Structure formats: structure tokens, C-alpha cells
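A short worksheet on the structure shown next.
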Amino acid sequence: MVKEDNRVESGLNALDIRDLSVKLGNAEVLKNVNLQLERGDFLGIIGPNGGGKTTLLKVILGLLKPDEGEVTIFGREPKKARDKVGYVPQYTDFDSQFPIDVMNVVLMGRVGKLGFRPFFSDEDKKIALRALERVEMKDYKERKISDLSGGEQQRVLLARALTTRPEVLLLDEPTASVDERIKTSIYKLLKKLNREEGTTIIIVSHDIGFLSSYVEKLACLNRDLIYHGGSELTHEMIEESYGCKMDLIAHHHHTEVEGGHKT
């Protein structure tokens, strides 16, 4: 079995963004964004549609190059740190004519680990099954991905990201199409990954109630990033981010027994 534990040295920030600006055409989508996260941080990002949240994730992934500023992941530029990062995209419909099953979708997350091997190993398959088990989708492994509901597909995409054993996990609206029970299970799984494995997590979501109940830190992004290093969401942060006055959205109240944490 190939040993994959190539964790970077301690002391480096998991994510370091300094003076980041991005333009798409003539529009400045991100302006002077600064953000530093340590290993094991759990950050939620809210903000209006078009505020630059997905663009920020693409920059962190190395898919977009900043116009100004720099981004590093454990001291490396994003393209050189992709082996450290897992990504769960926004829900997308799968082509019903594409006959791929759930197991093979999840195994796609192991492609970067193949090296010169032409086929997935037994170890790859064990890792994929374990990932499916963690998101409660193991019994669906032989089902066509296109036959699943939106929420089920989203959990499969999360399992695919987990097969890379990421040190930094990025999620873009991962619970937008799931019901309350599945949403809770996903957030609890993320909390467990964060606490027990030290995974640094950044989750973009409009679900302020769930975010404020599970994450440790919150930021608002609307071209500029408003971030105070804590999980408290104030009227001022929301109004500054969304550009209008609004009542503070009521939080869901969750109680977690694990770790004695109560929210």
C-alpha cells in the first residue's frame, strides 16, 4: 500500500490571501481581499449572489489567476498545492445519457493518486467505499448517478472530495438542494472532519442559520471581504456585505452532544 501522508510542516498558514483583487472583463469581482486561516480553522462565507464567493474559491483552487495580490496554501501557490485541497462544487445536473454509477464517480477523486498505474487498486476502492459510507451513500454505489435526487448527488460529490484525504476542503453551496435531515448530517460530518482530523474547511452558503451553528468563523463577501475572526454575525456585517439594512436572520438552534459543544 502506498503511503500518502505527505502532510506539510507545521507553522504555515493553511490559507494566506493578501491584497487579492480579481477582474472579470471590466468588472472588479474581488477587491483587496485579505484572509489568513490556520490549520484546522472552519470558516463559513456568506454574501449576495454575484458577490465573488465562487470566484474566490476558484482562485484558491488555482483555476483563476489574481490580477493583484497573492494566495498560498501551506506556503505553496495554489497550482502546486492541489494535492492538499478537496472541492465540492455547486449542485449540477448529471446527463441522464451518461451511464456512470456512483462508485465510479467517487473513484474519480482518486485519479490524481494513480501515478503510473492504469487501474484503480483495491486500496482506492476501499477508500471510495469508506467515503460513501461516511456520507450515508454506500448502499447506492451501483446506482446511476443521474437517477439520484439532487441531495443524493451532492453527497456523492462530497464523498468524491473526501477520497483525496484533503487537508483543506472547499465547499460551494453543498446543502442547497438537500432536506433538513441530510443538511444536518452533512454539517455534522464536516464538524467531525474538522475536529477529529484537523481538516481546514471553507464553506460558502446562504444558509446563515446552519453556518452560525456549526462553523467557528464567519465572513461576509461582496467584492470586499468583511471578516473579524469570530463566528458572531452582526447587523453591521450583514448590512455592509449586502448593501442594505436587514433584520438579522434568526439562527437555527442545534444541540450537539459530541465534544460537549452546544449551540
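We count residues from 1, following the sequence as given. It should be emphasised that the depicted structure is a prediction, and the values quoted were computed from it without experimental measurement.
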If you define the side chain from C-beta out and look only at heavy atoms, does anything of [X] sit under 4.5 Å from [Y]?
{"X": "M108", "Y": "I100", "result": "yes"}
{"X": "M103", "Y": "E142", "result": "no"}
{"X": "L35", "Y": "L20", "result": "no"}
{"X": "T164", "Y": "Y87", "result": "no"}
{"X": "L15", "Y": "V71", "result": "yes"}
{"X": "L169", "Y": "L193", "result": "yes"}
{"X": "L171", "Y": "V204", "result": "no"}
{"X": "V29", "Y": "R223", "result": "no"}

Side chain of [X], backbone of [Y]: donor and acceptor closer than 3.5 Å?
{"X": "N13", "Y": "D16", "result": "no"}
{"X": "N194", "Y": "T200", "result": "no"}
{"X": "T199", "Y": "V168", "result": "no"}
{"X": "T163", "Y": "A128", "result": "no"}
{"X": "R82", "Y": "L61", "result": "yes"}
{"X": "E38", "Y": "L12", "result": "no"}
{"X": "S205", "Y": "D207", "result": "yes"}
{"X": "R18", "Y": "N34", "result": "no"}
{"X": "K53", "Y": "P48", "result": "yes"}
{"X": "Q153", "Y": "G150", "result": "no"}

One pair to check against side chain to side chain contact (heavy atoms under 4.5 Å, CB included): L43 and I203. What are the steps and the verdict?
CA-CA 6 Å; L43 173 71; I203 180 170; over 6 Å; no
Should [X] and [Y] count as an ion pair when the cut-off is N to O under 4.0 Å?
{"X": "E197", "Y": "R134", "value": "yes"}
{"X": "R181", "Y": "E136", "value": "yes"}
{"X": "D101", "Y": "K141", "value": "no"}
{"X": "R130", "Y": "E133", "value": "yes"}
{"X": "K23", "Y": "E28", "value": "no"}

[X] to [Y] - nearest heavy-atom pair and separation:
{"X": "P89", "Y": "L157", "answer": "CG-CD1, 4.2 Å"}
{"X": "A161", "Y": "V88", "answer": "CB-CG2, 3.7 Å"}
{"X": "P166", "Y": "G86", "answer": "CB-N, 3.3 Å"}
{"X": "R76", "Y": "A81", "answer": "CB-CB, 4.0 Å"}
{"X": "D124", "Y": "L107", "answer": "O-CD2, 3.8 Å"}
{"X": "I73", "Y": "I60", "answer": "CD1-O, 3.3 Å"}

Evaluation steps, side chain to side chain contact (heavy atoms under 4.5 Å, CB included), between T72 and E77:
CA-CA 5 Å; T72 58; E77 62 180 77; 5.5 Å; no
Per the side-chain contact (heavy atoms from CB on, under 4.5 Å) rule, which among D172, V215, I202 passes with I45?
I202
Verdict with reasoning, K31 to D19, per salt bridge (Lys or Arg N to Asp or Glu O under 4.0 Å):
CA-CA 8 Å; K31 180 182 178 183; D19 304 320; over 6 Å; no
What is the distance from atom [atom1] of [X] to atom [atom2] of [Y], rounded to the nearest 0.5 Å?
{"X": "Y214", "Y": "L189", "atom1": "OH", "atom2": "CG", "result": "11.5 Å"}
{"X": "I186", "Y": "T184", "atom1": "CD1", "atom2": "OG1", "result": "9.5 Å"}
{"X": "L190", "Y": "R195", "atom1": "CG", "atom2": "CZ", "result": "12.0 Å"}
{"X": "T175", "Y": "H206", "atom1": "OG1", "atom2": "NE2", "result": "10.5 Å"}
{"X": "F210", "Y": "K183", "atom1": "CZ", "atom2": "NZ", "result": "5.5 Å"}
{"X": "E216", "Y": "I201", "atom1": "CD", "atom2": "CD1", "result": "9.0 Å"}

Might you work through the side chain to side chain contact (heavy atoms under 4.5 Å, CB included) test for Y140 and R155, ending with a clear yes or no?
CA-CA 11 Å; Y140 294 76; R155 282 190 282 166; 5.6 Å; no
Stepwise side chain to side chain contact (heavy atoms under 4.5 Å, CB included) test for L30 and S21
CA-CA 5 Å; L30 296 174; S21 293; 5.8 Å; no
Could you check whether atom CG of D179 has more than 12 heavy atoms from other residues, nucleotides or ligands sitting under 6.0 Å from it?
yes
